[in-house]
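In what follows, chains carry the letters A, B, and so on, assigned in the order in which the sequence lines appear, proteins first and then strands, with residues in each chain numbered from 1. Note that this is a predicted model, so its numbers are computed, not measured. Computed over heavy atoms, backbone and side chain alike; hydrogens, waters and symmetry mates excluded.
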Number of protein chains: 2
Amino acid sequence: MERKNAEIVIIEDEEDILELLEYHLGKEGYDVTGFLSADNVERFMEEESPALLIVDRNLPGVEGSEFVASMREIGYDTPVIFLTAKDKESELEEGFKRGGDDYITKPFNTKELLLRVEALLRRSGVKQSDKLRYRDLILDNQSRELYIDKRKIDLTNLEYRLLYTFVKNAQQTLQRDFLRDEVWGDDSDHFHDKTINVAINRLKKKIDPFGEKGYFVPIWGVGYKLG
Amino acid sequence: MERKNAEIVIIEDEEDILELLEYHLGKEGYDVTGFLSADNVERFMEEESPALLIVDRNLPGVEGSEFVASMREIGYDTPVIFLTAKDKESELEEGFKRGGDDYITKPFNTKELLLRVEALLRRSGVKQSDKLRYRDLILDNQSRELYIDKRKIDLTNLEYRLLYTFVKNAQQTLQRDFLRDEVWGDDSDHFHDKTINVAINRLKKKIDPFGEKGYFVPIWGVGYKLG
DNA sequence: GCAAATTGGTTACAAAATTGTTACGAATAC
DNA sequence: GTATTCGTAACAATTTTGTAACCAATTTGC
């Protein structure tokens, strides 16, 4: 069961460790955002609702477990894995008591960290996000949104279904008949010649206003293909 | 938040360790049942539905993680903490992959074990009885009340369920069919077109009388999404 | 090569589909 | 019996999408 693409926030003041974590988690397909202190994390959480927090205990300013406690206080139930160099029993207890779910001591084994992240996401019931990618297009099928370079592009229902069909069948030439059945539904009796053209045209304008990317390549007499 | 009296099953073939665990967990108020092998555990689980399993990896007969995997296979989602003398990375991975939630190596620190048991019970337990947040909305699921900026907003039963469904599935586009099933119940034969619209409309007016916050974004031809 | 034929591209407009709003009354709860 | 809740209906407002007309590009037959 894959749960990749989940959004993970890391709060860690040691930059090399932060980078290491970002690298490994990113490679696994998680969407990682790193912070060097807890300062702006609350605002970020309001906006993004990440699925998991990895928090260093020993942060500058507010201490890690204090931050988590205050998050719990105001109602956030986001799963937390504490990270710490210290190994003292009292600190461990404090971390759990303040709402931590797991505890990993530095230096940590990367494999174990990844396994614990996965296990915790599984247990806390994070919904698997299914995103489809094609070049710089990211189709988030849960929110039914299209992102290009992290920018959200509004699509109508028809446009979304159309683009989805193409991305789902990337590398293939989609015949007009296929598109009609798949996107418009095969019950349509009178199907105008240019309906597909116009729809693709409008889609093109939205995702590539300057016509420089050539997403849709017409295959003459057949249909279209992603390019 | 006390979660004592929870029923815990321990499967451990070394009798002295089993006794030690039974003693400490019992002292904390848990209802503990020990097994020396996985043999009769499945039947016990059918009868008692324990809240947590503590499973030794190195059991006589069926290996611990195999047992857990087979439990998962037939639908049990009971949280599992593995216990093992071994510390090899491959075993760790196998344990997590087969559905374990946590991993403690022998000899273990009793305090840490108790903390991890508590944390896991907390996480897997009363998942929905807490507070749900979305932006400035706080849904207290115990009292079934909505707070906005610490001010209580009275909602009807339907309105609460509707809002709950949205907050529970924030970031997702909820299709009309889904909302009908989830909020109104799937037994409704004649479901009027506009029922959802009107309900959302009323909810909107209550939580955002001036229509300045845009909580509900219509997704044309699909449904609604929190915005 | 060149013109005719065929297919795709573009634009504006109108129809169609969907959502928003309000009022009314039946059902339910108090 | 009164008040609240909620579904229904009618109508308004909005958004989307198909159609048609025309232009551009490509292929085909000669």
Side-chain angles (χ1 to χ4, degrees), chain A residues 144 146 153-166 173-180 182-227, chain B residues 144 146 153-163 165-166 173-227:
Chain A
R144 282 183 83 94
L146 165 69
I153 312 284
D154 281 325
L155 297 182
T156 70
N157 190 19
L158 181 75
E159 286 162 353
Y160 188 87
R161 292 203 314 274
L162 184 57
L163 183 57
Y164 177 84
T165 305
F166 271 98
T173 294
L174 305 187
Q175 305 195 262
R176 297 179 99 87
D177 282 355
F178 175 80
L179 286 170
R180 196 202 60 210
E182 199 77 2
V183 180
W184 278 263
D186 36 17
D187 54 338
S188 42
D189 278 348
H190 307 294
F191 195 73
H192 196 277
D193 259 13
K194 293 290 149 51
T195 297
I196 291 180
N197 298 38
V198 174
I200 285 192
N201 205 332
R202 294 206 250 247
L203 184 51
K204 266 188 194 168
K205 279 214 177 115
K206 276 199 185 168
I207 68 178
D208 179 21
F210 306 110
E212 45 197 6
K213 303 225 189 122
Y215 289 118
F216 298 96
V217 180
I219 308 298
W220 229 78
V222 184
Y224 293 88
K225 189 173 84 70
L226 279 187
Chain B
R144 283 182 82 90
L146 165 68
I153 312 282
D154 281 326
L155 295 182
T156 69
N157 189 22
L158 180 74
E159 286 162 353
Y160 187 87
R161 290 204 312 275
L162 184 57
L163 183 57
T165 305
F166 272 97
T173 291
L174 305 188
Q175 306 198 204
R176 296 179 101 87
D177 283 354
F178 176 80
L179 287 170
R180 197 201 60 210
D181 290 356
E182 201 76 2
V183 180
W184 279 263
D186 36 17
D187 53 337
S188 42
D189 277 349
H190 307 294
F191 194 74
H192 196 277
D193 259 11
K194 294 291 144 46
T195 297
I196 291 180
N197 299 38
V198 174
I200 285 192
N201 207 330
R202 286 176 177 143
L203 183 52
K204 264 189 195 165
K205 279 213 178 118
K206 274 200 186 168
I207 67 178
D208 179 21
F210 306 109
E212 46 197 5
K213 305 229 188 115
Y215 289 118
F216 298 96
V217 180
I219 308 296
W220 232 80
V222 184
Y224 292 88
K225 190 174 85 67
L226 279 188

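- Protein atom CD of A/Gln175 is 12 Å distant from nucleotide atom P of C/dG8, rounded to whole Å.
- The A/Arg176 side chain lies nearest to C/dG8 when the options are D/dT17, D/dA9, C/dG8.
- As rounded to whole Å, 12 Å separates atom C1' of D/dG7 from atom CD1 of B/Ile196.
- To the nearest 0.5 Å, the span separating CD1 on B/Ile153 from CG on B/Leu146 amounts to 6.0 Å.
- Taking only side-chain atoms of B/Lys204, from C-beta outward, the nucleotide of C/dG20, D/dC6, D/dT17 with the closest atom is C/dG20.
- Between atom OH of residue A/Tyr224 and atom CD1 of residue A/Ile200 there is a gap of 4.5 Å, rounded to the nearest 0.5 Å.
- Between the C1' atom of C/dT6 and the CG atom of A/Asn197 lies a distance of 13 Å, rounded to the nearest Å.
- Considering only the side chain of A/Lys194, C/dG9 comes nearest among C/dG20, C/dG9, D/dC6.
- Closest non-hydrogen pair, A/Gly214 versus A/Asp208, comes out as N-OD2, 3.5 Å.
- Nearer to the 5' terminus of DNA chain D, by closest-nucleotide assignment, is the contact made by B/Asp193 (compared with the other of B/Asp193 and A/His192).
- Atom CG in A/Leu158 sits roughly 14 Å away from atom C1' in C/dT18 (whole-Å rounding).
- Non-hydrogen atoms lying under 4.0 Å from DNA chain C are contributed by A/Trp220, A/Gly221, A/Tyr224, all within residues 219-227 of chain A.
- A/Leu203 CG to A/Leu163 CG: the interatomic distance, rounded to the nearest 0.5 Å, is 5.0 Å.
- In this structure, A/Asn157 places its CG atom 11 Å from C1' of C/dT18, rounding to the nearest Å.
- Considering only side-chain N and O atoms, B/Trp184 lies nowhere under 4.0 angstrom from the phosphate OP1 or OP2 of D/dC6.
- One can find a donor-acceptor pair under 3.5 Å joining the base of D/dG18 and the side-chain atoms of A/Arg202.
- With a 4.5 Å cut-off on side-chain heavy atoms, B/Asn157 and B/Arg144 count as touching.
- Residues B/Ala199 and A/Arg161 each lie close to DNA chain D; by heavy-atom proximity, the contact nearer the 5' end of the strand is made by B/Ala199.
- In this structure, the CG atom of A/Asn201 is 15 Å from the P atom of D/dA24, given to the nearest Å.
- Rounded to a whole Å, the CD1 atom of A/Ile200 is 16 Å from the P atom of C/dT11.
- Remark: A/Phe178 CZ to A/Thr173 OG1 distance equals 11.5 Å, nearest 0.5 Å.
- Taking only side-chain nitrogens and oxygens, A/Thr195 comes nearer than 4.0 Å to OP1 or OP2 of D/dT19.
- With A/Glu159 as the fixed residue, the salt bridge (Lys or Arg N to Asp or Glu O under 4.0 Å) test singles out one of A/Lys206, A/Arg202, A/Lys204: A/Lys206.
- Spacing between atom CG of A/Leu203 and atom P of C/dG8 amounts to 17 Å, rounded to whole angstrom units.
- Comparing atom distances between the B/Lys205 side chain and each of C/dT11, C/dT22, D/dT16 picks out C/dT22 as nearest.
- Atom NZ of residue A/Lys225 and atom CZ of residue A/Phe216 lie 12.0 Å apart, to the nearest 0.5 angstrom.
- Distance from the side chain of B/Val198 is smallest for C/dT21 among the nucleotides C/dT21, C/dT11, D/dT17.
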